[in-house]
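The structure under discussion appears below in the form of structure tokens.
In what follows, chains carry the letters A, B, and so on, assigned in the order in which the sequence lines appear, proteins first and then strands, with residues in each chain numbered from 1. Being a predicted model, the structure only gives us computed values, none of them experimental.
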Number of protein chains: 2
Amino acid sequence: MLEARMQQADVLKKVVDAIKDLVQDCNFDCNDAGIALQAMDNSHVALVSMMLKADAFAPFRCDRNIALGINLSSLTKVLRAAQSNDELVIKAEDAPDVVSLTFESAEQDRISEYDIKLMDIDQEHLGIPETDYAATVKLPCAEFQRICRDLSALSESVTIECAKDGVKFSCQGDIGAGSVNLRSRQDVDKPENDVIIDLSEPVALTFSLKYLVNFCKASGLSKHVKLCLSAEVPLLVQYELLNQSHLRFYLAPKIGDEE
Amino acid sequence: MLEARMQQADVLKKVVDAIKDLVQDCNFDCNDAGIALQAMDNSHVALVSMMLKADAFAPFRCDRNIALGINLSSLTKVLRAAQSNDELVIKAEDAPDVVSLTFESAEQDRISEYDIKLMDIDQEHLGIPETDYAATVKLPCAEFQRICRDLSALSESVTIECAKDGVKFSCQGDIGAGSVNLRSRQDVDKPENDVIIDLSEPVALTFSLKYLVNFCKASGLSKHVKLCLSAEVPLLVQYELLNQSHLRFYLAPKIGDEE
DNA sequence: CATCGCACCT
DNA sequence: AGGTGCGATG
């Protein structure tokens with residue numbers, strides 16, 4: 001059986017909010033390492049990969065591999081019932097029909113329990129090759145979200161160009177063109193503003209802004225987001241969570257005249 | 001060419017916000033005196049007139065007359081990308097296809113540049129006669145905005161009556177009637193609350209509240225607003241900006257049974 | 001159903 | 001000033 005207690009129901013809520021528009025149904029794969037999720041979006045352009053390590057729960061118990069096939073719209077409805085600061089306990093039997101979510105107020109004076117029916121989902125398991133990226137950019141989530149939103153007012157696509165000392169986001173659209181240049185910066189007094197570029201080779205790639213704006217719904221999960229780019233491979237947009245847990249989005253670049 | 005740097009991108013943002021619902025497209029007329037704009041609203045009831053004097057910019061350079069025909073909805077989208085405290089540089093060539101807006105963060109570690117395509121706009125140039133108004137009322141923006149909003153819940157129109165020692169805003173509607181009386185007041189300790197009436201002749205006129213509410217979007221630009229009235233001529237609603245710059249709205253009174 | 005824009009509220 | 005909730009729209 002599975003029994004996992006999260007201190008902050010909010011975390012699961014934000015994770016699911018960030019992916020529910022990309023993926024309708026998917027398996028939460030549970031084993032003694034934790035709870036993992038991998039899914040492609042409907043149009044097979046983007047891929048979501050979540051890992052919540054066992055350490056992110058206390059306690060965490062999962063005797064054997066269990067795949068919980070869940071409709072994310074149903075899950076969203078249930079998670080809306082979580083109030084901030086509620087703890088969340090996730091429970092399932094070994095061959096479950098349902099998963100149970102229990103929300104407990106801090107003082108334990110309100111306990112809500114929801115069961116969600118499970119579904120069988122045939123999941124192509126996706127091997128994601130480890131890549132040595134040509135460039136990684138770590139920047140504040142809020143800044144990335146702002147850039148994506150601003151540029152999406154002008155165009156469907158953004159070109160991300162990484163150089164050693166800065167990163168440039170640019171787009172062209174019917175009403176005009178836009179670009180945002182961020183210089184790398186580091187400030188020990190305000191590390192939350194850091195923009196850190198790690199580059200082995202300059203790279204410039206073009207991506208759909210609609211997807212990037214969508215990924216940015218995860219902004220509340222972390223202070224920073226890491227963008228990893230290499231020519232001709234999908235962009236990795238990564239949010240680090242506590243205890244080496246993470247939420248990752250992969251997005252294939254646009255090629256040639258698609259832009 | 002034109003090159004004009006504003007210390008506060010916010011000012012242009014607020015000006016455009018205040019007029020974008022009245023006017024879709026209009027020319028920004030640039031010359032060595034500054035940047036001016038004049039346009040009638042679609043229904044030809046209201047007129048907007050903006051003047052940003054060269055002194056409001058530092059530096060300001062404009063070698064020859066340039067008319068920048070801009071779609072205000074496009075401009076709004078671009079100005080949304082301005083963050084508070086960003087500086088704004090406006091640039092255009094002498095016979096431009098585009099106008100360039102550059103937003104610079106205070107530390108210069110983020111520079112965003114947007115180009116907006118220009119359009120050809122045939123503009124009837126409007127001579128606005130200088131009028132000696134029968135009454136002028138200077139009052140806090142917030143107070144005027146509040147009055148217009150409150151009365152607009154009751155009626156489409158407001159009657160403004162100026163007397164020597166006070167001004168009365170009143171309306172009648174289906175659910176009842178409303179009126180707000182402001183006595184003139186002056187307080188050296190709180191000049192921001194001043195209500196100053198300058199009157200050569202009592203006057204009472206009726207105006208569309210919808211337009212007045214719209215004009216009040218400019219309230220963030222100034223502490224006070226000046227209302228200038230004379231019988232049978234348009235109301236002037238004036239916001240003074242720094243360096244003798246201003247934003248003015250003119251609104252024709254309603255006559256007779258239109259009220 | 002999802003997205004967008006506006007207004008309100010904190 | 002930013003976030004949230006609502007209403008309207010496609």
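For residues 207-223 of chain A, the pairs satisfying salt bridge (charged side-chain N to carboxylate O under 4.0 Å, His left out) are A:Asp21-A:Lys217, with sequence neighbours left out.
Between the P atom of D:dG2 and the CZ atom of A:Arg149 lies a distance of 9 Å, rounded to the nearest Å. Whole-Å rounding puts the B:Arg80 CZ to D:dG3 P distance at 15 Å. Distance CG (A:Leu209) to C1' (C:dT3): 15 Å, rounded to an integer number of Å. Rounded to whole Å, the distance from NZ on B:Lys77 to P on C:dC6 is 11 Å. When the P atom of D:dA1 is taken as reference, atom CG of B:Asn85 falls 8 Å away, rounded to whole Å. Taking atom NZ on B:Lys13 and atom C1' on D:dA1, their separation rounds to 10 Å, with Å as the unit. Rounded to an integer number of Å, the gap from A:Ile19 CD1 to C:dA2 P is 14 Å. When rounded to the nearest whole Å, the span between CD of A:Gln145 and C1' of D:dT4 equals 14 Å.
For the side chain to side chain contact (heavy atoms under 4.5 Å, CB included) test with B:Leu221, the passing option among B:Leu241, B:Asp10, B:Asp17 is B:Leu241; the others fail.
In this structure, B:Asp21 reaches neither bases nor backbone, as no heavy-atom distance under 4.0 Å exists between it and the strands shown.
Taking the six-membered ring where the residue is Trp, A:Phe144 and A:Phe169 present tilted rings, their angle falling between 30° and 60°.
With hydrogens and angles disregarded, no donor-acceptor distance shorter than 3.5 Å links the side chain of A:Lys20 to the backbone of A:Thr76.
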